[in-house]
Asks: 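Dropping the structure in here first, questions after.
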Amino acid sequence: QVQLVESGGGSVQAGGSLRLSCGASDDSARFNCMGWFRQAPGKEREGVAGIRIDSGTVYYADSVKGRFTLSQDNAKSAVYLQMDSLEPEDTATYYCAAESFSLDCTPVAGFDWTYWGQGTQVTVSS
């Protein structure tokens, strides 16, 4: 079973930046979609961004548009989430996810994706 491994979380002050990374345990794994989700304490999981691997099309949640950038490594199944202008409201556990069958790579569709990482904590202080 392929596993997703996240890294890059941490603590930062408001206005700062962090970069999250996500890769597959098996470099030969191939996905149609990869993306990031987050869950804050007491809140439901939220889709942040998703990317269709073959076209490079990226979808963002309104709450992060203009501040977060999702990119992929074309050589392997890996994605990166550059988070700039971070706000205290961005504090959450961030999860990487991937899908091999569906071609719907929007964050909303991602809740049904097959593969999920263990999560990495992002804390933004005011």
Side-chain angles (χ1 to χ4, degrees):
Q1 177 77 356
V2 174
Q3 296 181 336
L4 299 178
V5 181
E6 304 118 328
S7 62
S11 297
V12 66
Q13 289 190 327
S17 299
L18 285 172
R19 186 174 186 252
L20 305 182
S21 300
C22 172
S25 58
D26 181 355
D27 282 344
S28 66
R30 291 296 178 262
F31 306 113
N32 290 336
C33 311
M34 296 188 75
W36 289 91
F37 299 76
R38 66 186 182 186
Q39 187 165 19
K43 295 187 177 182
E44 293 184 352
R45 189 169 293 191
E46 174 190 19
V48 175
I51 185 168
R52 180 159 168 170
I53 298 300
D54 58 357
S55 66
T57 302
V58 183
Y59 308 89
Y60 295 100
D62 288 343
S63 58
V64 306
K65 278 182 182 177
R67 301 188 298 121
F68 290 11
T69 303
L70 178 61
S71 60
Q72 62 173 322
D73 185 327
N74 290 325
K76 54 185 178 181
S77 296
V79 290
Y80 310 95
L81 186 67
Q82 177 66 39
M83 304 185 295
D84 299 318
S85 301
L86 282 162
E87 304 168 351
E89 293 73 22
D90 296 316
T91 295
T93 301
Y94 283 69
Y95 298 90
C96 179
E99 170 61 32
S100 298
F101 296 100
S102 172
L103 292 176
D104 189 345
C105 302
T106 58
V108 173
F111 292 97
D112 295 327
W113 292 356
T114 304
Y115 304 98
W116 288 83
Q118 293 299 309
T120 184
Q121 179 66 36
V122 171
T123 302
V124 184
S125 58
S126 57

Asks: Decide yes or no for F31 and L4: does some side-chain heavy atom of the first lie under 4.5 Å from some side-chain heavy atom of the second?
Replies: yes

Asks: Find out whether V122 and L20 are in side-chain contact, i.e. whether some heavy atom of one side chain is under 4.5 Å from a heavy atom of the other.
Replies: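 In contact.
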
Asks: Would you name the heavy atoms of P107 and A61 that are closest together and state the gap between them?
Replies: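 Minimum heavy-atom contact is CG-N, 4.4 Å.
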
Asks: Describe, in one word, how the ring planes of W116 and Y95 are oriented to each other, choosing from parallel (under 30°), tilted (30 to 60°) and perpendicular (over 60°).
Replies: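 Aromatic pair W116/Y95 classed perpendicular.
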
Asks: Just checking Q82: does its CD atom have more than 12 heavy atoms from other residues, nucleotides or ligands closer to it than 6.0 angstrom?
Replies: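 Enclosed: over 12 neighbouring heavy atoms sit under 6.0 Å from CD of Q82.
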
Asks: In the structure I gave you, are the side-chain heavy atoms of T57 and C105 within less than 4.5 Å of one another anywhere?
Replies: no

Asks: Yes or no on side chain to side chain contact (heavy atoms under 4.5 Å, CB included) for C96 and V79, after CA distance, side-chain angles and deciding distance?
Replies: CA-CA 9 Å; C96 179; V79 290; 4.3 Å; yes

Asks: Going from OG1 on T114 to CD on E99, what distance comes out if it is rounded to the nearest 0.5 angstrom?
Replies: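 Nearest 0.5 Å value for the OG1-CD distance: 3.5 Å.
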
Asks: In this structure, are over 12 heavy atoms from other groups packed under 6.0 Å from E87 atom CD?
Replies: yes

Asks: Taking the ring of F37 and the ring of W113, is the distance between their centroids below 6.0 Å?
Replies: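 Yes, ring centres under 6.0 Å apart.
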
Asks: Could you list all the side chain to side chain donor-acceptor pair (under 3.5 Å) pairs where at least one residue sits in residues 6-15, not counting sequence neighbours?
Replies: none

Asks: Would L18 and V124 show up in the same hydrophobic cluster when neighbours are defined by side-chain heavy atoms closer than 4.5 Å?
Replies: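 Same hydrophobic cluster.
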
Asks: Is a donor on one side and an acceptor on the other found under 3.5 Å between the side chain of D84 and the backbone of S17?
Replies: no

Asks: Examine Y59 and W36 and state if one hydrophobic cluster contains both, with Ile, Leu, Val, Met, Phe, Trp and Tyr joined whenever side-chain heavy atoms are less than 4.5 Å apart.
Replies: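 No, because Y59 and W36 fall into different hydrophobic clusters, even though each may have its own neighbours under 4.5 Å.
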
Asks: Find out whether T91 and Q121 are in side-chain contact, i.e. whether some heavy atom of one side chain is under 4.5 Å from a heavy atom of the other.
Replies: yes

Asks: Is there a side-chain contact between Q1 and Y115 in this structure, where contact means two heavy atoms from C-beta onward sitting under 4.5 Å apart?
Replies: yes

Asks: Testing the basics here: between P88 and A14, what is the closest heavy-atom pair and its distance to 0.1 Å?
Replies: CD-CB, 4.1 Å

Asks: Report yes if the side chains of L103 and R52 come closer than 4.5 Å at any heavy-atom pair, otherwise no.
Replies: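 Yes, their side chains come closer than 4.5 Å.
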
Asks: If every non-hydrogen atom of A98 is compared with every non-hydrogen atom of M34, which pair is closest and at what distance?
Replies: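 It is CB-CG, 3.9 Å.
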
Asks: Taking the side chain as every heavy atom from C-beta outward, state whether T69 and Y80 have any atom pair closer than 4.5 Å.
Replies: no

Asks: Name all pairs fulfilling the salt bridge (charged side-chain N to carboxylate O under 4.0 Å, His left out) condition that reach into residues 26-43, sequence neighbours left out, sorted by first residue then second.
Replies: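 For residues 26-43, and leaving out neighbouring residues, the salt bridge (charged side-chain N to carboxylate O under 4.0 Å, His left out) pairs sorted by first residue read R38-E46, R38-D90.
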
Asks: Under 3.5 Å, is there a donor-acceptor pair between the side chain of Y60 and the main chain of L70?
Replies: yes

